[in-house]
Asks: 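Mind looking over this structure? Questions follow.
Every chain is numbered from 1 and lettered A, B, ... according to where its sequence line falls, protein lines coming before strand lines.
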Amino acid sequence: MAPSKPRVIYWLRTDLRLHDSPALKAALDLKPDCLYPVWCWDPHYVYRARVGPNRWQYLLDCQSDFSASITKLNPKSKLFVIREAPQTLLTKLFKAWKITHLVFEKDTDAYARERDENVMRQAKEAGVEVIVKMGRTLYDPDELVKANGGKPTMSITQVQKAAEKLGVVAKPIPTPESLPNPGDTALDFDHTQPSPNPDFNDIQRDSKDKSYTNLSGPGGDFAVPTMSELGLKRATTQHRGGETLALKALDDIISNTKYTATFSKPETAPTAFSPQSTTLLSPHHHFGSLSVRLFYWSVMDVLKAYKSNQSTIPTNLIGQLLFRDMYFAAQAPLGYPFAQTVGNSHCRFIPWHLPSKVDPCNGLITGEHHVDTPEAETWFQRWKWGKTGFPWIDALMRQLRQEGWIHHLGRHAVACFLTRGGCYIDWERGAEVFEEWLIDHEVACNTGNWQWLSCTAFYSQFYRCYSPIAFPKKTDAKGEFVRHFCPELKDYPDKFIYEPWKAPIADQKKAGCLIKGDGDETEGEGGVKFYPKPMFDFNVRRTICIDAIKNAYHVNLYGDDAKVKDGTWRDLFSDNAEGLTEGKSAKDAMNRNNKVKSGEEASGDTGVDQDEGEAAEVGEETKGEDRQGKSPGKRKRGKGQGTLDGHFGGRRLRDKH
DNA sequence: CCGGAAGTTGCTCTA
DNA sequence: ATAGAGCAACTTCCG
């Protein structure tokens, strides 16, 4: 057969840019007869991932800007957004458009791997050649893992050592100056409609979702969707996406050589908001509208030239990129379980309140959780909606909801507060809220950072606990950040801005805001404002949490332990320990229960679903007198839980977007 | 295998 | 104001 001229689909997912795109270069190197830049509007993200209006808007910004840039290079071309799942759509396009090559950027997220393997199998059957290039991280996560002895990277030292074996980071590739025409775009096939059930994004819409009405969009022209086509509520953030803005932002940062060369994360102020103290490049990296390698080499050039007072790895900007790579290479070999405790060989098991429900068929969390105590659920809701009564925490959570971005150390503060330093609530609850609201949500980085902050992986100094009062005072003694995001407190004296409940009633009245209730009522007679009372005594909770974590560390279970799955972990905790323990008595109750349901298999859950009504007593300080083994010693690993390449049915909750 | 130092990012008190 | 010690105590890294 004579070699035909290449007809190429360039499939976009994590790489909405023209600059430094190894995959796009590979596509152009084929010297194609025609090139179709295609985005498959994937129902997985529309219905199964949690995505609020701010991140949707950001994606549309990136797509629109990218499409316009393509059209500038070739007026006949654009980004072709096609409303169907890639798993069903692409194989039909191969045939309809006589495609010879499929090219895309490698994506090592769990869902993405499964999706891409599926598509590659279909391409092979259709005789379509597939080209995959890495371009999303500094190093290919799989290569980094290999260089780390096949293990997930769990510290920055490991990353640095593994990276050394791989050599220097690849240099950026120039932006193409022209693009081939697309071919004929007739869609001469049936439209496979997705099932919207379950639809986790229903709460993000105020009108009907019309994503899948027409394959090529409402105008039949493959246009980037609009918020109204998607039925989404309006975005509230001022942060906007797109390669043009990304390159401008990078340029601004790099041209400030002092800022770039002396940047040291721990010294940046989490209370700075206009402007913020960090780069805000993370959402651009997430959507691929800014290449991490371009950022890396731009920073390296500055560091080469700027001699005095340079910051170093891990606190400098290069270090920040290495942490990103660390999380990708920690996730890569673990797959879906990386984003949860159960089944995760590298995540400590701690009996948090509000644990996830787990699907016994595939061992994956379902997106719902157990309410072990109503009090914990109340705390969780007050945390999510910025009504804890701790102004620093509430201001951060309101900024997150409104703007989709908060400073890295602000994320530390609210994450520590929700988990090991306050509420003792499962980090998976917090990760889900971040997944919904962050414009830069990246599944590997988000879940990795939640594990870090909850001291379940990557980090273990749980006695270092963020105070919602002392911590923000260091960089914002006057409380300007709080006054902006919790405006009802704007006239409080500096002295009480982080602990308004300590203000005398006379001061509260003078400031026009009473400390009262749980946040449900925000205003009283005569226009007086209400700000909630603190939902607990922080110092008391900190002590309880630290003791409880210490105890859980001594018990020393990891997510892949059989005891975690079958509920027998309870044997190892005292009856009155903090968190979802309920000790041996609950275990006995579970056994009785199981006998009644004779013949039924263990639920495959954490063994807690039968006793939601039997709330443990909470709030008592306990010392865990019956802890198992005073010294944790070396962890004995179960054998080879390394890769998870099995077949999973059921729904997937966690992924990028 | 041991021991000491280090680990992106704590807080409080004292000098 | 700011630097350093002490607090309580985890894992990992390195010689």
Side-chain angles (χ1 to χ4, degrees), chain A residues 148-149 151-162 164 262-272 276-279 282 299 310-327 330 346-348 350 392-393 396 406-417 419-422 445 448-477 498-499 538-558 623-624 627 629-637:
Chain A
N148 191 45
K151 296 194 178 94
T153 49
M154 301 306 288
S155 76
I156 209 68
T157 314
Q158 289 173 12
V159 172
Q160 282 178 284
K161 283 186 175 168
E164 217 165 286
T262 63
F263 181 99
S264 181
K265 179 65 79 58
E267 276 125 61
T268 59
T271 47
Q276 77 290 339
S277 60
T278 50
T279 66
S282 50
V299 172
Q310 269 192 22
S311 55
T312 52
I313 295 169
T315 58
N316 68 2
L317 287 170
I318 299 298
Q320 306 312 299
L321 286 171
L322 289 177
F323 276 107
R324 185 171 176 274
D325 267 47
M326 176 183 80
Y327 288 128
H346 285 69
C347 180
R348 285 180 180 278
I350 289 173
W392 166 237
I393 301 298
L396 284 164
I406 52 178
H407 187 280
H408 186 73
L409 296 179
R411 302 181 197 200
H412 278 216
V414 298
C416 181
F417 184 90
T419 59
R420 67 179 166 87
C445 299
N449 273 314
W450 274 94
Q451 288 167 40
W452 183 299
L453 263 300
S454 59
C455 286
T456 51
F458 302 103
Y459 187 77
S460 52
Q461 292 170 245
F462 54 75
Y463 46 91
R464 292 191 177 173
C465 181
Y466 289 91
S467 151
I469 293 123
F471 186 64
K473 266 187 193 166
K474 285 190 295 189
T475 52
D476 188 8
Y498 294 115
E499 11 184 21
F538 175 75
N539 289 324
V540 168
R541 287 300 308 173
R542 175 174 56 193
T543 308
I544 290 170
C545 286
I546 289 177
D547 279 347
I549 301 275
K550 201 195 297 181
N551 183 43
Y553 262 61
H554 283 291
V555 170
N556 199 32
L557 291 176
Y558 281 71
K623 281 286 183 186
R627 76 170 58 129
K630 291 274 178 198
S631 79
K634 290 270 183 292
R635 185 198 174 211
K636 275 187 279 166
R637 298 263 157 179

Asks: Using whole Å, report how far CD of Glu267(A) lies from P of dT9(B).
Replies: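 Result: 11 Å.
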
Asks: Check the distance between dC10(C)'s P and Tyr558(A)'s OH and give it to me in whole angstrom.
Replies: 13 Å

Asks: Apply side chain to side chain contact (heavy atoms under 4.5 Å, CB included) to Thr268(A) and list each qualifying residue two or more places apart in sequence or on a separate chain.
Replies: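 Per chain and number, Thr268(A) pairs via side chain to side chain contact (heavy atoms under 4.5 Å, CB included) with Phe263(A), Lys265(A), Ser277(A), Thr278(A), His407(A).
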
Asks: Please list, chain by chain and in numerical order, all residues satisfying ring-ring contact (aromatic ring centres under 6.0 Å, His included) with Tyr498(A), sequence neighbours excluded.
Replies: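 By the ring-ring contact (aromatic ring centres under 6.0 Å, His included) rule, Tyr498(A) matches no residue at all.
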
Asks: For Glu499(A), enumerate each residue passing the side-chain hydrogen bond (donor to acceptor under 3.5 Å, both in side chains) test, keeping only those at least two apart in sequence or located in another chain.
Replies: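 For Glu499(A), the residues satisfying side-chain hydrogen bond (donor to acceptor under 3.5 Å, both in side chains) (neighbours in sequence not counted) are Lys502(A).
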
Asks: Sequence neighbours left out, what passes side-chain hydrogen bond (donor to acceptor under 3.5 Å, both in side chains) with Ser460(A)? Give chain and number order.
Replies: none

Asks: Is there a side-chain polar atom (N or O) of His412(A) under 4.0 Å from OP1 or OP2 of dT8(B)?
Replies: no

Asks: With side chains defined as the heavy atoms from C-beta onward, is the minimum distance between Asn316(A) and Gln310(A) less than 4.5 Å?
Replies: no

Asks: My understanding is that only residues two or more places apart in sequence, or in another chain, count here; which of them pass side-chain hydrogen bond (donor to acceptor under 3.5 Å, both in side chains) with Ser454(A)?
Replies: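 Expected list: Thr456(A).
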
Asks: Collect all protein-nucleotide pairs involving nucleotides 13-15 of chain C in which both atoms are nitrogen or oxygen and the distance is under 3.5 Å.
Replies:
residue, atom, partner, partner atom, Å
dC13(C), OP1, Ser155(A), OG, 3.0
dC13(C), OP1, Gln158(A), NE2, 3.2
dC14(C), OP1, Lys161(A), NZ, 3.4
dC14(C), OP2, Lys161(A), NZ, 2.2

Asks: Please list, chain by chain and in numerical order, all residues satisfying ring-ring contact (aromatic ring centres under 6.0 Å, His included) with Phe538(A), sequence neighbours excluded.
Replies: none

Asks: Measure the distance from CZ on Phe462(A) to P on dT11(C) and round it to the nearest whole Å.
Replies: 8 Å

Asks: What is the distance, to the nearest angstrom, from the CE atom on Met154(A) to the C1' atom on dG7(B)?
Replies: 14 Å

Asks: Would you jot down, in residue-number order, the residues of residues 312-327 of chain A having a non-hydrogen atom under 4.0 Å from DNA chain C?
Replies: none

Asks: Using a 4.0 Å cut-off on protein heavy atoms (strictly under), produce a 5'-to-3' string for nucleotides 10-15 of chain B with B for base contact, S for backbone-only sugar-phosphate contact, and - for none.
Replies: BSS---

Asks: Any donor-acceptor pair under 3.5 Å linking the side chain of Asn449(A) with the backbone of Cys445(A)?
Replies: yes

Asks: Separation of Arg420(A) atom CZ from dT9(B) atom C1', in whole Å?
Replies: 11 Å

Asks: Given pairs defined as Watson-Crick or G-U wobble with both distances under 3.5 Å, what dot-bracket annotation applies to DNA chain C, with ( ) intrastrand, [ ] crossing, | other strand and . unpaired?
Replies: .||||||..||||||

Asks: List for me each residue that meets side-chain hydrogen bond (donor to acceptor under 3.5 Å, both in side chains) alongside Asp325(A), sequence neighbours excluded, and say none if there are none.
Replies: none

Asks: dT9(B) P sits how many Å from Trp392(A) CH2, rounded?
Replies: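 Whole-Å distance recorded here is 17 Å.
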
Asks: Atom NZ of Lys151(A) to atom C1' of dT12(C): distance rounded to whole Å?
Replies: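 Value for this atom pair: 13 Å.
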
Asks: Looking only at atom P, what distance separates dG6(C) and dA5(B), rounded to whole Å?
Replies: 15 Å

Asks: Report, one line per pair, each donor and acceptor closer than 3.5 Å where one atom sits in a side chain of residues 466-476 of chain A; sequence neighbours left out.
Replies:
residue, atom, partner, partner atom, Å
Tyr466(A), OH, His412(A), ND1, 2.9
Ser467(A), OG, Ile469(A), N, 3.0
Ser467(A), OG, Ala470(A), N, 2.9
Thr475(A), OG1, Thr271(A), OG1, 2.8
Asp476(A), OD1, Gly479(A), N, 3.0
Asp476(A), OD1, Glu480(A), N, 3.0
Asp476(A), OD2, Glu480(A), N, 3.0
Asp476(A), OD2, Phe481(A), N, 2.9

Asks: Treating Gln320(A) as the side-chain partner and Pro314(A) as the backbone partner, does any N or O pair qualify as donor plus acceptor under 3.5 Å?
Replies: yes

Asks: Atom CG of Asn551(A) and atom C1' of dA8(C): how far apart are they, to the nearest Å?
Replies: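 Distance, rounded to whole Å: 16 Å.
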
Asks: Do Arg420(A) side-chain atoms and Ile549(A) backbone N/O form a donor-acceptor pair below 3.5 Å?
Replies: no

Asks: Taking the side chain as every heavy atom from C-beta outward, state whether Trp392(A) and Phe417(A) have any pair of such atoms under 4.5 Å apart.
Replies: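 No. Closest side-chain heavy atoms not under 4.5 Å.
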
